[in-house]
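We name chains A, B, ... by the order of the sequence lines, and we start the count at 1 in each one. Keep in mind it's a predicted model, so treat the numbers as computed, not measured.
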Number of protein chains: 2
Amino acid sequence: MDTESAEKRGLTPFPEPVARGALHDRLVARLRDLIIEGELSPGARVPERELCQRFQVSRTPLREALKVLAADGLVQLAPNRGARVAALTVADVEEMFPVMGALEALAGELAASRITEEGLAEVRALHYQMVLHHKRGELAAYFRLNQQIHEKILEAAGNATLAALYQGLAGRIRRARYLANMSARRWARAVEEHEAILAALEARDGTRLGAILEDHLKNKCETVKEALLAEQRKGGQAASNS
Amino acid sequence: MDTESAEKRGLTPFPEPVARGALHDRLVARLRDLIIEGELSPGARVPERELCQRFQVSRTPLREALKVLAADGLVQLAPNRGARVAALTVADVEEMFPVMGALEALAGELAASRITEEGLAEVRALHYQMVLHHKRGELAAYFRLNQQIHEKILEAAGNATLAALYQGLAGRIRRARYLANMSARRWARAVEEHEAILAALEARDGTRLGAILEDHLKNKCETVKEALLAEQRKGGQAASNS
DNA sequence: GCTTTTTGTTTTGCATGCAAAATGCTAGGC
DNA sequence: GCCTAGCATTTTGCATGCAAAACAAAAAGC
């Protein structure tokens, strides 16, 4: 639906009064971006008042949005102590990995048996476009296509519940992936794995696809963990905002 | 501080002014109970004003609670059209089943390798108490123990993320289970499966435990589906409130 | 000089108020 | 007689206001 992701990256200069009825939803998306982009550092308090001024909204919808994000696990709400951005620890990632693995394997199995020729064609197109971005060394574009491919597979699995859960987890680690700088070797390996994913999907071999996806995810998790460790090593001095 | 969280499950008769800072959390729990017990029929609008009067709270915390429940999937929020209790269709259950299966299998594998002797003893105690309730034909008590056992296994798995996701899904079908009347045969079979679960756990056979749990869940899902069909057949005339 | 207490400020949580949208009802037209 | 348009009521969504709790800093005590 929302294909207007152009202004999501750059902060809109004026926060024009958004349509009534969609305010808190927009705020959820906006806050998500802020967290993913690292503008709100993990562990830092969410400055309620400041964000209200920034977005030109009152505290009520903002607080509602925070509740939703808390339910999603992106922020933590302490009673009478406000919201903090949930810090993603290495232990968290190690917890999430087997869960995502199980979900992704399931998605692969379902997708292999259910994907249409049309869907397959779409994945194929996305895949080769992604390979192109890899060859050009365009990491950001690569990530976007990568994500789209996984979303397509989830879509092809035809299980909204599965998709929602997976996306929820993926959203939590997206910030770490955002700042991850893959090594050239790891990147090349990820592309190879994606070749295998496409092959298994075209062969409609669900078991194999599930296994490959799980392995692929393992590597992704390693990347995320390394990124987290690097960030921790650098110290959380990005937290000092104002 | 206030450590009186003992009466969380039982409904407090009077909605006395709850402690500041815990209001919306309490409301989430309260609304959950209302939905599970069927007082708020699936598909019916959530009467905001009415509930405010009932709980003696203003609309702000109630709306916040609804946002959380919406994120959990128990209610659906339509823009400018308020909240409706999410109707659980048979298709939904059929979607949720493989996901819960994958999660439960993972939980079983993890629990089998990680459970302590003490944890095992607790599960054993719960199990035999549950068997007792089965022999006495006490369905409600049986369900409670059953749920506690599964929670213990999840706890033993030592993966909070996994537990949270599973509990979220389980919460969505809890209402259907609440009104489910198992046949004597199915009930007996469920108890047998629980025997096998305990045995596999004691043998610390993760693979077998995972498989058993998945199978057990399958039967549980059949029960839920039957209950849903029975409810649909009876007609949603419980929705006509006023 | 250090700890502790007390006070002032900020922040949080909830209640309330008001405008826009939706819902229901009545009247008018075909 | 049925359908549609207009109006009134209800409901929803957001902004604002106020009291309590947390945070921070300064002053008092040791």
Side-chain angles (χ1 to χ4, degrees), chain A residues 14-31 34 40-41 43-71 74-86 239-242, chain B residues 1-5 12 14-31 34 40-41 43-71 74-86 239-242:
Chain A
F14 329 98
E16 70 245 35
V18 295
R20 176 192 170 81
L23 226 176
H24 53 259
D25 274 325
R26 296 259 180 133
L27 283 176
V28 168
R30 201 64 81 85
L31 290 174
L34 249 54
L40 291 174
S41 308
R45 291 175 58 135
V46 179
E48 212 175 84
R49 243 182 52 76
E50 197 178 307
L51 291 173
C52 285
Q53 288 189 349
R54 176 167 183 170
F55 294 142
Q56 290 294 316
V57 299
S58 86
R59 288 173 50 219
T60 308
L62 190 91
R63 286 172 53 75
E64 289 179 349
L66 285 176
K67 291 278 182 306
V68 174
L69 290 176
L74 269 120
V75 302
Q76 287 177 326
L77 261 48
N80 278 333
R81 212 165 293 177
R84 309 187 85 88
V85 179
S240 63
N241 198 8
S242 61
Chain B
M1 327 302 177
D2 44 1
T3 52
E4 84 279 16
S5 56
T12 51
F14 327 98
E16 72 244 32
V18 294
R20 176 192 169 82
L23 226 176
H24 53 259
D25 274 326
R26 297 260 182 132
L27 283 176
V28 168
R30 200 67 80 85
L31 289 174
L34 248 55
L40 292 173
S41 307
R45 291 176 57 135
V46 180
E48 211 175 85
R49 249 184 55 73
E50 197 178 307
L51 291 173
C52 285
Q53 289 189 349
R54 174 167 183 171
F55 295 143
Q56 290 294 315
V57 298
S58 87
R59 287 173 51 218
T60 307
L62 191 91
R63 286 172 53 75
E64 289 179 347
L66 285 175
K67 292 277 183 307
V68 173
L69 290 176
L74 268 119
V75 302
Q76 288 177 327
L77 260 47
N80 279 332
R81 212 166 291 178
R84 308 187 86 89
V85 179
S240 62
N241 200 5
S242 59

Report which part of the nucleic acid R59(B) touches: base, sugar-phosphate, or nothing (heavy-atom distance under 4.0 Å, all strands). base
Under 4.0 Å between any heavy atoms, over every strand shown, what does A78(A) touch: base, sugar-phosphate, or nothing? Just pick one. sugar-phosphate
Could you tell me the separation between the [atom1] atom of [X] and the [atom2] atom of [N], rounded to a whole number of Å?
X: L27(A); N: dA15(D); atom1: CG; atom2: C1'; answer: 13 Å
X: R84(B); N: dT12(D); atom1: CZ; atom2: P; answer: 10 Å
X: L62(B); N: dT12(D); atom1: CG; atom2: P; answer: 10 Å
X: R45(A); N: dT12(C); atom1: CZ; atom2: C1'; answer: 9 Å
X: R49(B); N: dT9(D); atom1: CZ; atom2: C1'; answer: 12 Å
X: L66(A); N: dG13(C); atom1: CG; atom2: P; answer: 10 Å
X: L77(A); N: dT12(C); atom1: CG; atom2: P; answer: 10 Å

Would one find a side-chain N or O of [X] under 4.0 angstrom from OP1 or OP2 of [N]?
X: T60(A); N: dC14(D); result: no
X: R63(B); N: dG13(D); result: yes
X: H24(A); N: dC14(D); result: yes

